[in-house]
Amino acid sequence: QVQLVESGGGLVQAGGSLRLSCAASGRTFNNYFMGWFRQAPGKEREFVAAISRSGVTTVYADSVKGRFTISRDNAKNTVYLQMNSLKPEDTAVYSCAADSRPSVADNFRAYEYWGQGTPVTVSS
């Protein structure tokens, strides 16, 4: 069992930045591939970014590529999402997810463990 707790969400103006954190506990963190997903009101959950166990490999949705950066600190059992140049369309609840062997990095159904999410609101 893995417990995930996100933090760092909030209200920011367009063009601003936020850094989300996801703290993990329960199992060996570096055994897990980590992902960030988001869900806006009335929309389906969508992939944002994912990172391999070692942190060497990262994957991004086209909509955030060049603006968002995913990273992890295995010594702190934490994964981060640095979000720059935020846009109103980035407004959503952001959740982190973990799986020891996801079949597909960008599909939320491939992840077993989920946090509760942290809301991000970008005003225009």
Side-chain angles (χ1 to χ4, degrees):
Q1 192 81 352
V2 177
Q3 292 80 41
L4 303 173
V5 179
E6 302 95 336
S7 61
L11 174 64
V12 64
Q13 288 188 334
S17 298
L18 281 176
R19 188 195 197 201
L20 306 184
S21 299
C22 172
S25 61
R27 291 284 181 93
T28 305
F29 180 66
N30 59 9
N31 284 346
Y32 291 85
F33 201 96
M34 301 296 297
W36 282 99
F37 292 80
R38 67 187 182 186
Q39 187 166 19
K43 296 187 176 181
E44 291 190 351
R45 186 178 297 180
E46 67 170 347
F47 170 73
V48 176
I51 189 166
S52 62
R53 298 172 191 84
S54 65
V56 170
T57 303
T58 57
V59 183
Y60 295 93
D62 288 343
S63 59
V64 306
K65 204 171 292 183
R67 300 187 298 123
F68 291 11
T69 302
I70 188 171
S71 62
R72 68 190 294 163
D73 186 336
N74 286 342
K76 295 182 178 180
N77 290 355
T78 302
V79 63
Y80 305 97
L81 185 68
Q82 177 66 44
M83 306 186 295
N84 299 328
S85 302
L86 283 160
K87 305 175 181 179
E89 51 263 44
D90 294 318
T91 294
V93 174
Y94 285 71
S95 300
C96 66
D99 199 273
S100 59
R101 193 178 296 178
S103 55
V104 181
D106 61 354
N107 189 331
F108 69 89
R109 297 177 180 85
Y111 290 80
E112 183 174 5
Y113 302 105
W114 288 84
Q116 292 298 310
T118 184
V120 172
T121 303
V122 184
S123 63
S124 57

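Since this is a predicted model, take the numbers as computed values, not measurements. Worth knowing before you read on, the calculation uses all heavy atoms, side chains too, and leaves out hydrogens, waters and symmetry mates.
- For W36 against S21, the heavy-atom pair with the smallest separation is CH2-O, 3.8 Å.
- Both Y60 and Y94 sit in one connected hydrophobic cluster of ILVMFWY residues. Membership requires side-chain heavy atoms under 4.5 Å apart, directly or through other members.
- Taken from SG in C96 to CD1 in I70, the straight-line distance is 9.0 Å, to the nearest 0.5 Å.
- Checking each of D73, V2, N77 against F29 for a side-chain contact (heavy atoms from CB on, under 4.5 Å) leaves exactly one that passes, namely N77.
- Taking both residues in full, the closest heavy atoms of S124 and P88 are given as CB-CG, 3.8 Å, listed atom of the first, atom of the second, then distance.
- The neighbour count for K43 NZ, taken as heavy atoms of other residues, nucleotides or ligands under 6.0 Å away, does not exceed 12.
- Distance alone, capped at 3.5 Å, is enough to place a donor-acceptor pair between the Y111 side chain and the A105 backbone.
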**Asked** Given the rule in the side chain to side chain contact (heavy atoms under 4.5 Å, CB included) test, do F108 and Q39 qualify, once you have shown the distances and angles that lead to the verdict?
**Response** CA-CA 11 Å; F108 69 89; Q39 187 166 19; over 6 Å; no
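- At distances below 3.5 Å, at least one donor-acceptor pair connects side-chain atoms of T91 with backbone N or O atoms of V122.
- Annotation for G8 and L18: closest pair O-CD2, 3.8 Å, computed over non-hydrogen atoms.
- To the nearest 0.5 Å, atoms CE (M34) and OG (S52) are separated by 12.0 Å.
- In this structure, CD on Q3 lies 11.5 Å from CD on Q116, to the nearest 0.5 angstrom.
- Classification of the Y113-Y32 ring pair by plane angle, with boundaries at 30° and 60°, yields perpendicular.
- W114 is listed as a side-chain neighbour of R45, based on a closest heavy-atom distance under 4.5 Å.
- Note that CD1 of I51 and OG1 of T57 are 8.5 Å apart. Values are rounded to the nearest 0.5 Å.
- Nearest heavy atom pair, residue R67 against residue S85, reads NH1-O, 3.0 Å.
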**Request:** Would you sort out whether D90 and K87 count as a salt bridge (charged side-chain N to carboxylate O under 4.0 Å, His left out), showing the intermediate values?
**Result:** CA-CA 5 Å; D90 294 318; K87 305 175 181 179; over 6 Å; no
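- For V59 against F47, the heavy-atom pair with the smallest separation is O-CZ, 3.6 Å.
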**Verdict with reasoning, C22 to V79, per side chain to side chain contact (heavy atoms under 4.5 Å, CB included)** = CA-CA 5 Å; C22 172; V79 63; 3.4 Å; yes
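- A donor-acceptor pair under 3.5 Å is absent between the side-chain atoms of N84 and the main chain of S17, judged by distance alone.
- When atom types are taken as modelled, the side chain of R72 and the backbone of G55 share no donor-acceptor pair closer than 3.5 angstrom.
- When atom types are taken as modelled, the side chain of R19 and the backbone of Q82 share no donor-acceptor pair closer than 3.5 angstrom.
- A donor-acceptor pair under 3.5 Å is absent between the side-chain atoms of R109 and the main chain of V104, judged by distance alone.
- For A40 against A92, the heavy-atom pair with the smallest separation is N-CB, 3.8 Å.
- Cluster membership for V12 and V64, using ILVMFWY side-chain heavy atoms within less than 4.5 angstrom, is shared.
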**Request:** Output, in order, the C-alpha distance, side-chain angles, deciding distance and verdict of side chain to side chain contact (heavy atoms under 4.5 Å, CB included) for E6 and L20.
**Result:** CA-CA 7 Å; E6 302 95 336; L20 306 184; over 6 Å; no
**Request:** For D106 and F37, run side chain to side chain contact (heavy atoms under 4.5 Å, CB included): C-alpha distance rounded to whole Å, both residues' side-chain angles, the deciding distance at 0.1 Å, then the answer.
**Result:** CA-CA 9 Å; D106 61 354; F37 292 80; 5.8 Å; no
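- When atom types are taken as modelled, the side chain of N74 and the backbone of R53 share a donor-acceptor pair closer than 3.5 angstrom.
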